[in-house]
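Reviewing the structure listed below.
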Amino acid sequence: MITGKNYIGSKLSAKGSKTYHTFNPQLNKENETAHVEASSEEIEEAAQLATEAFETYKTVSGEKKAEFLNAIADEILALDDTLIKTYCSETGLPEGRAHGERGRTVGQLRSFADLVEEGSWVEASIDTAQPDRKPLPKSDIRKYAVPLGPVVVFGASNFPLAFSTAGGDTAAALASGCPVIVKSHPMHAGTGELVSSAIVKAAEKTGMPNGVFSNLNSSGNDVGAALVKHPKVKAVGFTGSIKGGRALYDLAAQRDEPIPVFAEMGSINPVVILPDALKNKGKDLANTYAGSITLGTGQFCTNPGLILGIKGEELSGFVSQLSEDILAIEPSCMLHPNISETYTKNKEKAISQSETQVVADYDKEVKANHAQQAVLTVDGDKFLNNPTLHHEVFGPFSIVVQCDDKEQLEDVISNLEGQLTGTLIADSDEASEYSGVISALQNRVGRIIYNGVPTGVEVCPSMVHGGPYPSSTDSRFTAVGIHSIKRWVRPFSYQDWPNELLPDELKNENPLGISRLVNNSQTKAAIE
Ligand code: NAP
């Protein structure tokens, strides 16, 4: 049952006076439950509990943490239809998407469980002592990764499960040994509470310390800002707008003790279509891209918001076909009236730029909160000089930039802000002639795709979901896949520490059997 209350550790709590409701965009009406925003006292309690929990949780074995993560996955599945129905009622997304996202969430939790159970992720590194070294003896030094402390996770509006309460950030932080306080996303607070109940149950069943997880409601900036500024919070994970992510990043930097904010923010994901590809498969590409631009009503951070090509008959043909194909697609529902209004406003702003031409703008009447897809074109030199056109329009929208030549194409790419992805569409031997374009693209993105679409982020160890600012606040890390755990840890060294006082990961006998770098050789062997 959804109560509308906060979880302060394992306890349901509603001390605040401000309430709000989630919204069903398909039915265009508010959902029933009144969610109670967390009070200052509850924020304090959650931070205090998380700090206390950290002292125990940071020492919990990989095996026990794996049990916890797997139990969360099991409890989420046990929520069954209640979760799916609540998800749909708060997002307007179809059941198929809810099932898919739940599968992804559960898969992420289990992959972190496997990672910490195996244990080598801590990157243990051991340099044994050389007491006889001349002119000075060498100390015994041993390093591994330790958790940072309580982490605040901001749920994403567009991924209520996979990037929210028990999503990638939470799973990675819990796997690393950090307690998590979730700042629940106001648009899907009911889904967030259900998933929180699953985490709390799993924590109790597997004997985790109270406060390892809390879930705080809010429908404004205050709770999130207070959490980021709280001295007991040691890191932040965020998915959402550049404006929101940057505000939180700045708040964290202004603290007496600045802390890392790993924010995954906006991206327009440039797609470069080379001339031969346009000539030989332009029609198919138009159809594929009409689908990719409108997938999930364009509400993906990897939505292709920018398509780049070299002017000519082939590019014009592609644009006409794309317009025709995209207008044939039935408009779909956005997550929330606010997102839908913002989409329309940003789309109109782009259209109102005198340099753009509208080649598709769905103009038939649509149901409430449904987005009317659009495609614009602009010339390369005009695009270069108009920063408004470089901004994300979150929704089923894309701009085709028509460049004069290869040099201008390269120039446009080099002048883009940092992006999550870049895509190159090329015919068989074409790419080698465009090494400058490829190199420029590589400088601006975290992942480069060949002859595909940027939408669809596979969860696997080699995935990079992140990129140069502003697509993320720290391009050295990924927000997807097991290596995202690295955001929540710091390296820590022991010098000349007695073997019996070392953590198991660093003991001579290697009781966990993990892979370690011992005197510059990677090995699972014990140290004699
Ligand atoms: P958002 O406005 O960035 O908000 C995300 C979360 O951060 C919310 O929980 C919000 O809390 C909190 N927040 C934002 N600004 C804050 C501040 N200054 N101080 C404290 N907390 C703050 O994103 P959204 O609500 O998910 O969607 C709004 C827009 O973000 C969309 O229209 C879209 O443009 C963009 N977006 C982009 C992506 C992407 O992947 N590129 C994904 C999602 C959204 P409150 O809501 O409680 O204020």
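Order of listing sets the numbers, starting from 1, for every ligand and every atom in it.
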Item to check | K234 with E257: basic N within carboxylate O range, under 4.0 Å | outcome: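 Judged by the 4.0 Å cut-off on N to carboxylate O distance, K234 and E257 do form a salt bridge.
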Checklist entry - Salt-bridged, E45 to K11, with N to O below 4.0 Å? => result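 So E45 pairs with K11 through a salt bridge.
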Item to check | Proximal candidate to atom 1 (P) of ligand 1 [heavy atom criterion; set G245, C301, G266, S241] | outcome: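 Result: the heavy atom closest to atom 1 (P) of ligand 1 is in S241.
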Next on the checklist: For atom 36 (N) of ligand 1, tell me which residue out of G240, A156, A263 has the closest non-hydrogen atom.
Outcome noted: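 The nearest heavy atom belongs to G240.
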Item to check | F238 touching ligand 1 at heavy-atom level, < 4.0 angstrom | outcome: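 Yes; F238 lies near enough to ligand 1 that a heavy-atom distance drops under 4.0 Å.
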Between [X] and ligand 1, is there a nitrogen or oxygen pair with a distance under 3.5 Å?
X: T239; value: no
X: A225; value: no
X: T342; value: no
X: S267; value: no
X: S184; value: no

Checklist entry - If you measure from each non-hydrogen atom of N158 to ligand 1, which part falls under 4.0 Å: side chain, backbone, both or neither? => result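 It is the side chain that touches ligand 1; the backbone stays farther off.
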Item to check | Region of P186 that comes within reach of ligand 1 [heavy atoms, distance under 4.0 Å] | outcome: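 Contact part for P186 vs ligand 1: side chain (C-beta onward).
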Checklist entry - Can you name the one residue among E355, Q353, H390 that meets side chain to side chain contact (heavy atoms under 4.5 Å, CB included) with F383? => result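 Answer after filtering E355, Q353, H390: H390.
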Checklist entry - Of D169, V459, V464, which is the lone residue that meets side chain to side chain contact (heavy atoms under 4.5 Å, CB included) with V480? => result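 For V480, the side chain to side chain contact (heavy atoms under 4.5 Å, CB included) check succeeds only for V459.
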Checklist entry - So, S196 side chain and N215 main chain: donor-acceptor pair closer than 3.5 Å or not? => result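 Answer holds: no.
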Checklist entry - With a cut-off of 4.0 Å, which atoms of ligand 1 are near a heavy atom of F154? => result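 The list of qualifying atoms is 7 (O), 12 (C), 21 (N).
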